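Just below is one structure, and these are the notes that go with it.
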Amino acid sequence: MDLILPSNFTGSYSCARVALVLNREYSYYLIQLYIPCMMLVVVSWVSFWLDKDAVPARVSLGVTTLLTMTTQSSGINSKLPPVSYIKAVDVWIGVCLAFIFGALLEYAVVNYYGRKEFLRKDRLKKTRIDDCVCPSDRPPQMRLDLSAYRKSQGCLSLARLRDYMGRNADLSRRVDLISRVSFPTSFVLFLVFYYFQYVMTSREDRIRRVP
């Protein structure tokens, strides 16, 4: 609570007005809510860097972070008084839950397209007859040429990324690559919006209410 007194309060007055400005301390919620929620959201992005065939690792990571975030939000809401409007904490918790749930749904999409690609490749292997190492008595154009494979091992990461994002690349792999960039970028934009919408606005309101 801040006690605000005018610069010149001497004299005879018929009435007196007292303005009480209450400021909430952010340190408790910063340590107990905001930093743990940010860590949970960042941990949920680890699944984008895991292999798409690591089903137990990615599913358990997504479910664990989602349950932990739900427990965290329940603990914070139990310490706050119930109100009929949406608080800034509710917006923060809701967006963090949406990011974690979106990471879990992202793997569902990756797994779906990954299974379709596996079945398509398996079907192509069964239909192709010339997909083998041919003996030396075959013509040169029918022999297996490994020179292109050796050259591809020395490619730069930029060329490999271009190959991943090409038309012939697997759609499941492209979804993972896009998520590695889109999820952090969207969360950073939300942090900027949240800061200016709630933190800066509350400070301006306190300054405006001062007589």
Side-chain angles (χ1 to χ4, degrees), residues 23-55 57-80 83 85-114 156-167 169-208:
N23 297 329
R24 187 186 297 273
E25 292 293 334
Y26 296 116
S27 58
Y28 171 79
Y29 295 98
L30 186 65
I31 297 174
Q32 297 292 329
L33 175 65
Y34 288 101
I35 293 179
C37 290
M38 291 176 61
M39 293 175 63
L40 287 174
V41 173
V42 173
V43 167
S44 67
W45 299 339
V46 177
S47 63
F48 303 151
W49 300 89
L50 298 178
D51 188 72
K52 64 181 180 180
D53 296 326
V55 179
R58 297 188 66 163
V59 172
S60 60
L61 180 62
V63 173
T64 303
T65 51
L66 185 61
L67 293 178
T68 307
M69 186 65 205
T70 305
T71 306
Q72 184 79 9
S73 63
S74 301
I76 292 296
N77 287 326
S78 63
K79 300 177 182 178
L80 296 176
V83 293
Y85 53 87
I86 299 177
K87 305 184 295 294
V89 176
D90 298 332
V91 176
W92 174 264
I93 293 175
V95 172
C96 290
L97 280 172
F99 270 96
I100 296 175
F101 187 69
L104 187 60
L105 288 182
E106 186 268 348
Y107 180 63
V109 175
V110 169
N111 190 29
Y112 171 75
Y113 285 108
L156 298 176
S157 58
L158 182 61
R160 189 176 303 174
L161 179 62
R162 190 179 305 149
D163 181 63
Y164 286 166
M165 299 298 294
R167 293 183 178 180
D170 295 339
L171 183 58
S172 58
R173 185 179 298 175
R174 278 190 287 175
V175 171
D176 270 341
L177 291 174
I178 294 173
S179 300
R180 294 175 188 177
V181 179
S182 61
F183 272 75
T185 304
S186 302
F187 192 69
V188 170
L189 292 177
F190 166 70
L191 291 179
V192 175
F193 167 77
Y194 188 87
Y195 179 79
F196 285 101
Q197 179 66 25
Y198 293 102
V199 179
M200 296 299 294
T201 305
S202 62
R203 291 180 180 176
E204 293 176 358
D205 291 340
R206 288 198 303 268
I207 296 173
R208 194 178 300 113

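Predicted model only: the values in this text are computed from it and were never measured.
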Check: Hey, are the side chains of Asp90 and Tyr85 touching, using non-hydrogen atoms and a 4.5 Å cut-off?
Finding: no

Note to self: So, taking the atom named CD in Gln32 and the one named SG in Cys37, what distance separates them when rounded to the nearest 0.5 Å?
What the structure shows: 10.5 Å

Checklist line | Shortest non-hydrogen separation from Ala88 to Tyr198 and the atoms involved | finding: CB-CD2, 3.5 Å

Note to self: Salt bridge check, Asp176 against Arg173: does any charged N sit closer than 4.0 Å to a carboxylate O?
What the structure shows: no

Notebook entry, point to check: Taking atom OH of Tyr113 as the centre, does the number of heavy atoms from other residues, nucleotides or ligands within less than 6.0 Å exceed 12?
Noted result: no

Next item on the list: State, with a plain yes or no, whether a side-chain heavy atom of Met38 is found less than 4.5 Å away from one of Leu191.
Entry: yes

Item checked: is_close_aromatic(Tyr29, Tyr34), centroid dist under 6.0 Å -> no

Check: If you look at every heavy atom in Gly114 and Ser172, which pair is closest and at what distance?
Finding: N-CB, 3.9 Å

Item checked: Phe99 side chain reached by Ser186 side chain, heavy atoms, under 4.5 Å -> yes

Checklist line | Euclidean distance, Thr71 OG1 relative to Ile76 CD1, rounded to 0.5 Å | finding: 12.0 Å

Margin query: Within this structure, what is the CG-SG distance for the pair Leu33 and Cys96, rounded to the nearest 0.5 Å?
Written below: 7.5 Å

Notebook entry, point to check: Knowing that exactly one of Ile178, Leu177, Thr185 qualifies, which makes a side-chain contact (heavy atoms from CB on, under 4.5 Å) with Val181?
Noted result: Thr185

Next item on the list: Could you tell me the separation between the OH atom of Tyr195 and the CZ atom of Phe190, rounded to the nearest 0.5 Å?
Entry: 15.0 Å

Next item on the list: Measure the CZ-CG distance between Phe48 and Leu50 for me, rounded to the nearest 0.5 Å.
Entry: 10.5 Å

Margin query: With a 4.0 Å cut-off on N to O distance, would you call Glu106 and Arg180 a salt bridge?
Written below: no

Next item on the list: Check the pair Arg58, Leu104 against side-chain contact (heavy atoms from CB on, under 4.5 Å), reporting the backbone distance first and the verdict last.
Entry: CA-CA 8 Å; Arg58 297 188 66 163; Leu104 187 60; over 6 Å; no

Notebook entry, point to check: Quick one: does Leu80's side chain get under 4.5 Å of Lys87's, heavy atoms only?
Noted result: yes

Notebook entry, point to check: At their closest point, which heavy atom of Ser47 faces which heavy atom of Ser44, and how far apart are they?
Noted result: OG-O, 3.1 Å

Check: Do Val42 and Trp45 come close enough that some side-chain heavy atom pair is under 4.5 Å?
Finding: yes

Notebook entry, point to check: side-chain contact (heavy atoms from CB on, under 4.5 Å) between Thr68 and Ile100: does it pass, once the steps are laid out?
Noted result: CA-CA 10 Å; Thr68 307; Ile100 296 175; over 6 Å; no

Notebook entry, point to check: Taking side chain as C-beta onward, heavy atoms only, is Tyr107 less than 4.5 Å from Leu61?
Noted result: no

Item checked: Side chain proximity check, Met39 to Ile35, heavy atoms < 4.5 angstrom -> yes

Check: Is Ile86 atom CD1 crowded by more than 12 heavy atoms from other residues, nucleotides or ligands, each under 6.0 Å away?
Finding: no

